[in-house]
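Report on one structure; see the data block that follows.
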Amino acid sequence: MTAVDLIELAAQFVFVLVFILTTRQALARPESSRANTALFFGSVTFAILQGRLADLIGPLPAIVSALSAIAVMAMPLLLLRLLDDFAGVRRPVTAAALVGFVLTAALILVTPAPLPTPTVLVLIAYFVIVAAYASVGFVRLARRTAGITRRRMEAVSVASGLLVLVLFLAGVFRLVPVPEGLRSGLTQALVLASALAYYAGFATPNWLRRFWREPELRAFLHRAAELPRVPDTDSIVAEIERHVGASLGSRAAVGLFDPAANVLRFRHLHDDLPDEIGPSELPTWRVFTSQVPTYYADASRVAPELANGYRASGIGSMLVAPITAGERRVGVLAAYASRRPIFVDEDLVYVQLLADQAAVVLESRALIDEATRVRAQEEATRMKEDFISAAAHDLKTPLTTLLGQAEILERRFRGDPDRKAELAGVSRMVRTSTQLADLVQDLLEAARLEQGRVELHTEANDLARLAIDVASQQANADERITVEASQPVVAEIDSTRIRQVLRNLYENALKYSPGGAPVRVRVWVEGHEGRIAVQDGGIGIPDGDLPQLFQRFRRASNVDDRRFGGMGLGLYICREVVARHGGRIWAESKLGDGSTFHVALPLSAGAE
Amino acid sequence: MLFGSAGTEMGGVPMRAPILVVDDDPDILDMLREALEGAGHRVLTARDGLEALERLRTAQPSLIFLDMRMPRMDGWEFARAARERGNTAPVVVITAAGDARAWAKEISAESYIAKPFTISQLLGVVDKFAPPRPS
């Protein structure tokens, strides 16, 4: 066997192999393009087998070799039909090619073998013209697409070009004498190259598919790391679509699920197609609900209501995969091509891979958005608290002068019996500006507690002593407060803050106990806690108000706002201060029968 | 404490070292002057740290009330500069900011009063750090 024979054998082997592979594909999913592909290689295979058989058992009946020749002459027509499947061919062209084929077949049948040179030249001319037309068509298709589709179409156009060259050379060799070795060597080498190129283009093996996709996939994955930082989701979606389209040689659309509206939202694709797809039998919604990636070879058949839109926007077949991040259904990724054979079943796995990547990108984006939102909210809260602090601070300076000046006058008038009327007025000023100062203080204190800016300066203190101290300093108490404590109750506390708490509780007790009812304060130890109870005989608190009592700006509903001033910050401050100490505060009350406020503070170590 | 006519020496009490009040708010300065003079103290005032340093060149106060946030020279700078110049008078921080205690600590002040304060609070501090000397 010579080298030329070996090449010939290899070329024939490849053609037969591709025939088997494409036939298998065509049987798995009968489709015009697949059938045409199988037929194309079938015709070559027929000619090859006929030749081999003749070599083995001698000359076959004339009709067999004639049929073999006709099969070869069918190749350009089948190639044209394949081009039609992939890109569309104008009707008159296919019709002309068909007429040409019928005429050549007739010519072969009526002419006794061996065919004379002029006849052969006519047949070759027909073959070359039609095949060259198809080759150019594939070249133009390759130029229009990208990614793997572009590479497949390039392979097909190279293969067809080589086939044209083989036939062209066959014609030349008929006219110009060339040594047999060169002639068949060149021919067989070209045929082998053509066979391999067809194999790559029409029956692309998976390893080649992966190899061809790699550059675009790499580019996408590289970009995916930065994508979540792109400022708006719309741009991210556009870029995902661009990358997916580029790597598949098709176009792509991302539909994002909007849970509020229960729709998939797409970027505007075409006026005849909806931008939002809700519960329906449409491909994207089906995949979104089933979460199963699906290949729709003919989108219009699945969604006839959108057939016009599909046609207008060049959507023929569709690969749809769910974009899902863990449990969260983000949306769907749809890759669509105007012609069916652009996609193969294996592409579905690839689209799902891209959809998974898109899910990572979009989920990261969502997390970034969420983090930004939380930060903005925190910032707004902080600004509000800052504003309160600043405002309260600015109120304090004039208040200092007001209060001080009023006090100076009060002291001066106090010793002067002729100034009784002035004294009463100035005393009112002192009292109200003190109230104002307390309110500002409360507001600031509440803001600081809210911001967690209060630092405790704790040291061992006797709660009983503190309770007595505060009672003795309480303004307007008129000895209504009695403190009962049988022993020192030493706890690790910030005495300034706890004084504030007691002052607040005493004030409330006095304020809400009309008619000079006594206020009873008890201090004792219970378990690991120092306990203080402030009991009044006041108006009491309705049951429903008890839980909200310690919230900001909350006051019991039976409090007459005009009679009892205050913003409802006092108990909030008490609760926060006690909580900072690791203690508890609560109230017990019976409407009309007084209230008891309890404070429990952890005792300092070893004080029990 | 008697509130006689403002600005006069109490009978028989010898001239005491003045109290220096430093605050950028003129109303507060006037009010404090009246309150302290009413209690029988001599009062020097300054609108900022630089003015206060100027006062220290000619007088040795018994007590300094010091606001912290002031233009030109604030309380922190003044406290440092005063210490460098050998001032030994106790310093009491008076501020409307919530961090009075922390700020007082920062400049090693003897005490602090948060604004707004009462006259009794003010005089209580004066009695503690600048008690009237027995005659």
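Proteins get letters first, then strands, A, B, ... in listed order; numbering begins at 1 in each. Because the structure is predicted, anything quoted here is derived from the model rather than measured.
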In terms of heavy-atom pairs under 4.5 Å with chain B, which of A:Leu395, A:Thr397, A:Leu402, A:Leu399 leads?
A:Thr397
Any side-chain heavy atom of B:Ser120 within less than 4.5 Å of one from A:Arg411?
yes
Does any backbone or side-chain atom of A:Thr496 lie under 4.5 Å from a heavy atom of chain B? Answer side chain, backbone, both or neither.
side chain
Would you compute the distance between atom CD1 of B:Ile119 and atom CD of A:Gln405 and round it to the nearest 0.5 angstrom?
8.0 Å
Rounded distance (nearest 0.5 Å) linking atom CG of B:Leu32 with atom CD1 of A:Ile408
7.5 Å
Heavy-atom nearest pair, B:Met31 first then A:Gly404, reads SD-CA, 3.6 Å
Would you indicate whether B:Arg83, at its atom CZ, is surrounded by more than 12 heavy atoms from other residues, nucleotides or ligands within a distance under 6.0 Å?
yes
Within a reach of under 6.0 Å around CZ of A:Arg465, are more than 12 heavy atoms found that belong to other residues, nucleotides or ligands?
no
B:Asp27 versus chain A, heavy atoms under 4.5 Å apart: side chain, backbone, both or neither?
both
Within the structure provided, determine whether B:Gln121 and A:Glu407 are in side-chain contact (heavy-atom separation under 4.5 Å).
no
Give a yes or no on whether the backbone of A:Thr400 and the side-chain of B:Lys115 come within a donor-acceptor separation of less than 3.5 Å.
no
